[in-house]
Amino acid sequence: MQSNEHTEPLLGLAKLMRMAYSGSDLAPLGTQLIERAETETGGHALMDLSTILQLRGNRDLALSTQAQAIESQQIYSPPTATGQVNIRLLAIMGTGDLMSNTPVEFLLEDSDVALDIVYVTQNQPLPADLPDHDVLFVAIAQSDRNMPLLKQIDASIATWPRPVLNRPDRIALMSRNEACVLLKSAPGIEMPITVRISRQTLQQIADGELPLTEILDDGVFPIIVRPVDSHAGKDLDKIDSPTVLVSYLQNMLNEEFYISRFVDYRGQDGLFRKYRIVLIDGKPFVCHVGISEHWMVHYLNAGMAESAEKRAEEERFMIDFDSGFARQHAEAFRAINERAGLDYLGIDCGETADGKLLIFEIDSCMIVHAIDPVDIFPYKQPQMKKVFSAFRQMLLNAMQRSAA
């Protein structure tokens, strides 16, 4: 394992994002890290600098800085455990932005779990000398770019001597079109057919040369279009007609897209509600409820902080979740858990007018955290503690199964 004798401790993603959320100016810290990186042995300064650059929206420079860090050091230890360490977790991650790996660090803040992260690339496989650990967690998210890496890791950990959570071969099934096939005809679930198509084919639909029904069995406008491997709503749009699709493509350089039928999931009050749920060892936990006037719901722009009424609804939803939403959709959650086969899984969903669970996305890398301002969202702290406690229990359960 690489020596960190001449480096300052890693600040880590959780601390840096807390600073960003609280409005702190990260530029002075970034300058300090640049100065440190010039003399520091190892990659701590560069890795923290990469995180700051991502949080400030400078993605390209962030990723090149991250690559430099990993070239000098593959193993990092974010400050998660605050006292006695009772569980040692090793997470395998790949390069990329905040959507490229499960952000495990957020789930372990102020815990008794010591986290080590080992970064792997196709040119930098798992090192022979790894930190001792009780559980291995594969945190690499599904993407076209990550598929070769997932296969590489799958082979490397085939006979791992410690329990492994989130197996790479199951993560590989989390693409939007694969997930759609996985959940097809699952009880209590609505997930419109999602098809991956080339730009050329999409252009033919836009130009009226190819009927939409040739591509989508349930294909009628409006449809949802997004580039392959895009996240957080980037370049996602609702297309109402072929004419609008022509305009959309004129502004896109991408070569491949996902398309699916748009489902109008607004409630009787005209508002759209998107629920972020995580399944931990098969049990569902709510992490947030975004309530918006717009169909594309993102928690950060849904006006939750500005609306006491929306927050009151989210609080009620969290309090009543186990006896309400989770019970109502228990069969659907069981089906997702069985078909996905992942120990830890995120679900972004809504509800259809006839009460089915409307799935937008399932994957292993959704951001789940407790860094919202406590004065505005006091009710979220106890809920997120349930989530974090369940994650810790999942690690313990894995250890106990291994010891049995």
Electrostatic pair [X]-[Y], nearest N-O below 4.0 angstrom:
X      : Y      : value
Asp348 : Lys274 : yes
Glu361 : Arg176 : yes
Arg162 : Asp132 : yes
Glu109 : Lys15  : no

By salt bridge (charged side-chain N to carboxylate O under 4.0 Å, His left out), which residues pair with [X], not counting sequence neighbours?
X      : answer
Arg59  : Asp97
Asp25  : Arg56
Lys385 : none
Asp112 : Arg392

Side chain to side chain donor-acceptor pair (under 3.5 Å) partners for [X], two or more places apart:
X      : answer
Arg327 : none
Asn166 : none
Asp269 : Arg273

Under the rule for side chain to side chain contact (heavy atoms under 4.5 Å, CB included), what residues qualify as partners of Ala37, not counting sequence neighbours?
Ala45, Leu46
For Val181, give me all partners under side chain to side chain contact (heavy atoms under 4.5 Å, CB included), at least two apart in sequence or on another chain.
none
All pairs passing salt bridge (Lys or Arg N to Asp or Glu O under 4.0 Å) where residues 249-265 contributes a residue, at least two apart
Glu190-Arg261, Arg196-Glu256, Asp218-Arg261, Asp264-Arg266
Any salt bridge (Lys or Arg N to Asp or Glu O under 4.0 Å) pairs touching residues 330-346, not counting sequence neighbours?
none
The complete set of ring-ring contact (aromatic ring centres under 6.0 Å, His included) pairs with one or both residues in residues 342-368, sequence neighbours excluded, reads Tyr265-Phe360, Tyr344-Phe391
Contact check, side chains of Ile336 and Leu183, non-hydrogen atoms, under 4.5 Å:
yes
Check: Leu165 and Val138 side chains under 4.5 Å, non-hydrogen atoms:
no
Quick check with a 6.0 Å cut-off and a 45 degree axis cone: is Lys283 positioned over the face of Phe285's six-membered ring?
yes
Going through the distances and angles, do Val113 and Asn86 end up as a side-chain contact (heavy atoms from CB on, under 4.5 Å)?
CA-CA 6 Å; Val113 181; Asn86 292 312; over 6 Å; no
